[in-house]
Participant: 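Quick one: structure below, then a few questions.
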Amino acid sequence: MPDAEIQAAVARLRAGELVGIPTETVYGLGADAENDDAVARIFAVKRRPRNHPLIVHLALGASLDGWVSEATPDARVLAKAFWPGPLTMILPRGPRSHLEVTGGQNTVAVRVPAHPVAQQLLRAFGGGIAAPSANRFGSVSPTTAQHVRDDLGHDVACVLDGGPCGVGIESTIVDLSRGRPILLRPGSVSREQLSAVLGREVEVNSNDAAVRVSGQLESHYAPRARVEIVERESVAARERAARDHNERITVLDASGINESIDDIARNLYENLRQADLDGIERVLVILPTDEGLGLAVRDRLMRAAGPR
Ligand code: TXA
Ligand code: MG
């Protein structure tokens, strides 16, 4: 991306404004992580509860000193294996990670994104950029610059267009602050990969109410259309029933049988958004198995199908 565009975005960040940022997972709504007013603006624009913590994004090679109080041995191993990339680690908070960013918690989420534009911006900015996904709270994350403009309009000072996101779903989150590694949100760095690199099984979050992960709320990542999980065998019957009720439906085959699971993840949110644009009332979804990236795709679709 031309340096002039990056410098303009840096100026916005320094002025406490919000910038739409491409990452390899989804687009983020970025602010200077150490500017409490700018961070407060993120919560206001997203209409997100103040106690739902944000991820601090750092440049490749930037020191974690100050951001975390302790980079554990597991954190070093995972950083070496997966950064820059779609992995977020929860670690004990350092003084640069203000309570405004961490939602009042004594841990902080940190990630070094791989997208070249995100890296260019982070290097030019120098500090940490706090960024949630650039959508209103509870809805589908944006995977193009246009999605960000559609969702947030004039509430965002500028959007850097880095093209469509390659991964398409939010980063894997692993909690390293509790002695043993716990997977809080599945993503494209799979549970199997984490376990292999750490040399021990990574537990899947047991829905601990003390840990606030907004993705843990029911009915998250949801389009306007109802999302219904169906078995392949019952699709035809469900389609007939819907037609009898004059309901506008579509089928989303996320099983991975007809398409690679990477493509399914990459296009998932675009497909859900398109269903809304097409006036679809109900999306019938066939889930993949929970292996590899399938676990993350299942997670997002089951939340989209959750009670409203
Ligand atoms: O791929 C991603 O992670 C994208 C891009 C922009 O980096 N960001 C993203 O942010 O998905 P957001 O805010 O939509 O989701 C971050 C999740 C939230 O569910 C939040 O609760 C959790 O990370 N989180 C942040 N800090 C945490 C902490 N200290 N403990 C537990 N969960 C935390
Ligand atoms: Mg989000």
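Atoms within a ligand are numbered from 1 in the order they appear, just like the ligands themselves.
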Participant: Sequence neighbours left out, what pairs pass side-chain hydrogen bond (donor to acceptor under 3.5 Å, both in side chains) with at least one residue falling in residues 68-83?
Facilitator: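 Counting only pairs at least two positions apart or across chains, the side-chain hydrogen bond (donor to acceptor under 3.5 Å, both in side chains) contacts touching residues 68-83 are Asp74-Arg200.
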Participant: Taking atom 23 (O) of ligand 1 as the point of reference, which of Asn106, Ile173, Ile182, Thr172 owns the nearest heavy atom?
Facilitator: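 Heavy atom nearest to atom 23 (O) of ligand 1 belongs to Ile173.
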Participant: Is the distance from the ring center of His147 to that of Tyr269 below 6.0 Å?
Facilitator: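 Not under 6.0 Å, so no.
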Participant: Numbering the atoms of ligand 1 from 1, which are under 4.0 Å from a heavy atom of Ile55?
Facilitator: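 By the 4.0 Å cutoff, the relevant atoms are 3 (O), 8 (N), 9 (C), 10 (O), 16 (C).
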Participant: Going by the atom numbers of ligand 1, which of them fall below 4.0 Å from some non-hydrogen atom of Ser133?
Facilitator: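 Selected atoms, number and element: 8 (N), 9 (C), 10 (O), 12 (P), 14 (O).
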Participant: Just distances here: any N/O of Arg48 and N/O of ligand 1 closer than 3.5 Å?
Facilitator: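 For ligand 1, there is an N or O atom that lies under 3.5 Å from one belonging to Arg48.
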Participant: So that I can check it, does any N, O or S atom in Ser133 come closer than 2.8 Å to the Mg ion (ligand 2)?
Facilitator: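 Yes, Ser133 qualifies, because one of its backbone or side-chain N, O or S atoms lies under 2.8 Å.
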Participant: Out of Thr25, Val167, Ile21, indicate the one that has the non-hydrogen atom closest to atom 1 (O) of ligand 1.
Facilitator: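 Comparing heavy atoms across Thr25, Val167, Ile21, the nearest one to atom 1 (O) of ligand 1 lies in Thr25.
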Participant: If you measure every N/O of Glu170 against every N/O of ligand 1, is any gap under 3.5 Å?
Facilitator: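 No, since none of the N or O atoms of Glu170 sits under 3.5 Å from an N or O of ligand 1.
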Participant: Do any N/O atoms on Lys46 end up under 3.5 angstrom from N/O atoms on ligand 1?
Facilitator: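 Between Lys46 and ligand 1, no N or O pair is found under 3.5 Å apart.
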Participant: Out of all atoms in ligand 1, which are within 4.0 Å of some heavy atom of Gly28? Include the element for each.
Facilitator: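 Matching atoms, with element in brackets: 6 (C).
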Participant: Does Arg111 have a non-hydrogen atom less than 4.0 Å from ligand 1?
Facilitator: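 In this structure, Arg111 qualifies as a contact of ligand 1 - some heavy atom is under 4.0 Å.
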Participant: Go through the side-chain N and O atoms of Ser133 and Glu170 and say whether any donor and acceptor fall under 3.5 Å apart.
Facilitator: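 No.
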Participant: Considering only heavy atoms of Thr107, which atoms of ligand 1 have at least one such atom less than 4.0 Å away?
Facilitator: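 Once the distances to Thr107 are compared, the set is 28 (C), 29 (N), 30 (N).
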Participant: Can you list the ligand 1 atoms lying under 4.0 Å from a non-hydrogen atom of Arg185?
Facilitator: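 Answer for ligand 1: 2 (C), 3 (O), 9 (C), 11 (O), 15 (O), 16 (C), 17 (C).
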Participant: Please check: side-chain N/O of Lys46 versus main-chain N/O of Asn135, any donor-acceptor pairing under 3.5 Å?
Facilitator: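 Confirmed, Lys46 side chain pairs with Asn135 backbone.
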Participant: Test Arg243 against every option in Glu247, Arg240, His245 by the side chain to side chain contact (heavy atoms under 4.5 Å, CB included) rule and name the one that passes.
Facilitator: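 Going through the options one by one, the only one that passes is Arg240.
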Participant: Would you kindly say whether Ser171 and Thr25 are connected by a side-chain donor-acceptor distance under 3.5 Å?
Facilitator: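 Judged by distance alone, the side chains do not pair up.
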Participant: Answer with yes or no whether the side chains of Arg111 and Thr23 bring together a donor and an acceptor at under 3.5 Å.
Facilitator: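 Result is yes, a qualifying pair exists.
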Participant: What atoms of ligand 1 come within less than 4.0 Å of a heavy atom belonging to Val26?
Facilitator: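 It comes down to these atoms of ligand 1: 4 (C), 6 (C).
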Participant: Under a 4.0 angstrom heavy-atom cut-off, which atoms of ligand 1 come close to Ser171?
Facilitator: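 Reading through ligand 1 atom by atom, the close ones are 1 (O), 2 (C), 3 (O).
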Participant: Do Asp263 and Arg266 meet the salt-bridge criterion of a basic N to acidic O distance under 4.0 Å?
Facilitator: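 Judged by the 4.0 Å cut-off on N to carboxylate O distance, Arg266 and Asp263 do form a salt bridge.
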Participant: Whether Arg303 engages the ring of Tyr221 as a cation-pi pair (distance to the six-membered ring centre under 6.0 angstrom, angle to the ring normal within 45°) should be assessed.
Facilitator: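 Output no; distance or angle outside limits.
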Participant: Which atom pairs, one a donor and one an acceptor, fall under 3.5 Å between side chains of residues 55-67 and the rest of the protein, sequence neighbours left out?
Facilitator:
unit_1 : atom_1 : unit_2 : atom_2 : d
His57  : ND1    : Ile55  : O      : 3.3
His57  : ND1    : Ile129 : O      : 3.1
Ser63  : OG     : Asp65  : N      : 2.9

Participant: For ligand 1, is there an N or O atom under 3.5 Å from any N or O atom of Thr102?
Facilitator: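 No, no N or O pair falls under 3.5 Å.
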Participant: Could you tell me whether some N/O pair between Tyr27 and ligand 1 is separated by less than 3.5 angstrom?
Facilitator: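 Among all N and O atoms of Tyr27, none is under 3.5 Å from an N or O of ligand 1.
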